[in-house]
Asks: 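I have a structure here, written as structure tokens, and I will follow up with some questions on it.
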Amino acid sequence: MTDNLDKSPADTPPSGPTLSKTSVPAGGPEAIKAIPVRHYGRWASAVIVVALLVALGYAFSQGNIQWHTVGDQLFESSVVKGAGRTLLISVLAMIVGVLLGILLAVMRLSKNPVTSSVAWLYIWFFRGTPVYVQLLLWFNLALIFPVLNLGPIYKNEMTDVMTPFMCALLGLGLNEAAYMAEICRAGLLAVDEGQTEAAHALGMSHAKTLRRIVIPQAMRVIVPPTGNEFINMLKTSSLVYAVTYNELLRSTSAIGSTSYAVMEMLFVASIWYLAMTSVFSVFQYYLERYYARGSSRSLPPTVFEKIKANLFSKGSPRGAV
Amino acid sequence: MTAMVKAEGVHKSFGLVEVLKGIDLEVNSGEVFCLIGPSGSGKSTFLRCINHLEKINAGRLYVDGELVGYRQKGDKLYELKDSEVALKRRDIGMVFQRFNLFPHMTAVENVMEAPVQVKSAKRSDAHHRAMELLDRVGLSDKAGNYPSQLSGGQQQRVAIARALAMDPKLMLFDEPTSALDPELVGDVLDVMRDLAESGMTMVVVTHEMGFAREVGDSLVFMDGGVVVESGHPRDVLTDPQHERTKSFLSKVL
Ligand SMILES: Nc1ncnc2c1ncn2[C@@H]1O[C@H](COP(=O)(O)OP(=O)(O)OP(=O)(O)O)[C@@H](O)[C@H]1O
Ligand SMILES: [Mg+2]
């Protein structure tokens, strides 16, 4: 069946007319007018899928759901604030993750065996344990270290330092750094050695070569998985519920359990999560497009260019993309 | 005449494999010096030693009278710092077999990059100069193209312009035409011929015997990490003295 889908007639180039135009003089063989293959299987599967969707929609319309509550609570101030905190903690944790990740990647690639083993150990630990466990470790740190004492610089009760926000930031950020380190390392290794050589031959220093030549090219490899990491982060941040940080899930659940609208409030949370991930996906597309410059003969079209091409081209809309 | 490059007993090993086994040669200022030899004979390695992309293990290598990669005080050698090595590389242009243009920059940005980043040239000046150089290699109309939008021959000419932008006193070419389709080779060789006429000192690893014969002032045949035969290109190519040279030339000519 997939076979059938792949060979949709819209994808095949209109070889008949082009051939007669280029290689055969006018008055040559007539253009092919064949009856296309009928895809009965495709029709049948479409009918089944639509039927299932209708059944699902019907089930939800009959369920005991107060849809008006979903609408009413969607922009409740505590919900909006919770969504804001989700966004804030995700962005901050991601920044921590990216910066520390780059540092760890460079450390792992360094020739110094001590720094590269330390980086390896870090990645081993933070990738090897669940982020939920790590969050709880930060949250309960006061049990083993009641006081944070940094000598003359800083001294405070651990419970004052490890606020829910700090637990969330450290838990998510340090975990993310381990993943970002591997992504950055792969990106740096993907750049051809000839690039470094050419830059060095021109008299550029190591640092300039890294900054001007290697990293911009590594970004093409780094950006797409980093975007996925951020989308994951937006969702994983719901785990900081456990360290009592008042993010989206916690604030919606609070309303849900007091007003007996548990499912409705989970819908509200889902809508917010979907909105945030969708908006970011568009942003990611443009970011990838920026770092792809020079890598292919022409830049991929933007969404608007695709729409325009589809609207104004006659014939095969898929071919226009 | 002063020697631009002087090699005395240059040895180079990768691990246990000795690739250069004592190279002695001299490249005079303003001359076109051709290096030929079978694959694996160490031509690229020797070229890379000249701008210290590889460290030599024994012997001495001088560029323009100065030791490459080291400073000699008394009878002790001190390794140069990375920044000092970089400083010396400014004066030596290098053109690679696989072009190695920066793919995320347009042709003109490729040419401007080093003057702006290394010599702190003003962008407008560097741009002006880059356009002149692109014009010199016949590509002023391709200034805004990315490398992926250029043919191999065009990319190699941009690479030559990029090296020239640093105003080098010595140019190293490592088989600049061997990754090119035959019909594109001529354009690149024309640019190199032009450069030779302008008096640039050039060390050229090449399989283009026609170019070596016409443009070359000296020619060295290397095999197995040693110089087997050297002399004027016309003499070596038409009347080789050594068996190994003869058998190599009979294969490539
Ligand atoms: N970085 C390296 N590590 C280990 N061995 C190397 C390295 N670079 C080169 N070699 C070896 O050194 C020898 C000489 O290589 P080199 O590239 O100098 O040859 P060449 O004369 O340029 O050959 P070609 O005409 O194929 O380019 C080869 O046997 C090669 O395998
Ligand atoms: Mg070589």
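Model, not experiment: these values are computed from the prediction. Any value given below was found using the heavy atoms of this structure, including those in side chains, with hydrogens, waters and symmetry copies removed.
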Asks: Side-chain contact test, heavy atoms from C-beta onward, threshold under 4.5 Å: evaluate it for Met105(B) versus Pro216(A) and give yes or no.
Replies: no

Asks: So which heavy atom on His104(B) is nearest to which on Arg212(A), and how close?
Replies: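 So the two residues come closest at NE2-O, 3.0 Å.
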
Asks: Which residues, numbered in order, of residues 37-55 of chain B come under 4.5 angstrom of chain A by heavy-atom distance?
Replies: Arg48(B), Asn51(B), Leu53(B)

Asks: Of all of Arg90(B), Glu113(B), Arg98(B), Met94(B), which one pairs up most often with chain A through heavy atoms under 4.5 Å apart?
Replies: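 Counting heavy-atom pairs under 4.5 Å, the top option is Glu113(B).
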
Asks: Would one find more than 12 heavy atoms of other residues, nucleotides or ligands at under 6.0 Å from atom NE2 of His128(B)?
Replies: no

Asks: Looking at every non-hydrogen atom in both residues, tell me the closest pair between Phe96(B) and Ala201(A) and how far apart they are.
Replies: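 In terms of heavy atoms, the two residues are closest at CZ-CB, 4.2 Å.
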
Asks: Do you know the tightest heavy-atom contact between Met166(B) and Leu202(A)?
Replies: CE-O, 3.5 Å

Asks: Kindly indicate whether the side chain of Asp82(B), heavy atoms from C-beta on, has any atom under 4.5 Å from the side chain of His206(A).
Replies: yes

Asks: Based on non-hydrogen pairs under 4.5 Å, which of Gly93(B), Ser83(B), Ala86(B) is most in contact with chain A?
Replies: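 Answer, by heavy-atom pair count under 4.5 Å with chain A: Ala86(B).
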
Asks: Which atom pair, heavy atoms only, marks the closest approach of Gly194(A) to Asn100(B)?
Replies: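 Where Gly194(A) meets Asn100(B) most closely, the heavy atoms are O-ND2, 3.2 Å.
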
Asks: So for Leu87(B), is it side chain, backbone, both, or neither that comes closer than 4.5 Å to the heavy atoms of chain A?
Replies: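 The answer is neither part of Leu87(B).
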
Asks: Any chance you could measure Ser205(A), atom OG, to Lys81(B), atom NZ, to the nearest 0.5 Å?
Replies: 13.5 Å

Asks: Suppose a student defines contact as a heavy atom less than 4.5 Å from any heavy atom of chain A. Which residues in residues 116-125 of chain B would they list?
Replies: Gln117(B), Val118(B)

Asks: Is it the case that over 12 heavy atoms from other parts of the model lie below 6.0 angstrom from the CD atom of Glu183(B)?
Replies: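 More than 12 within 6.0 Å, yes.
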
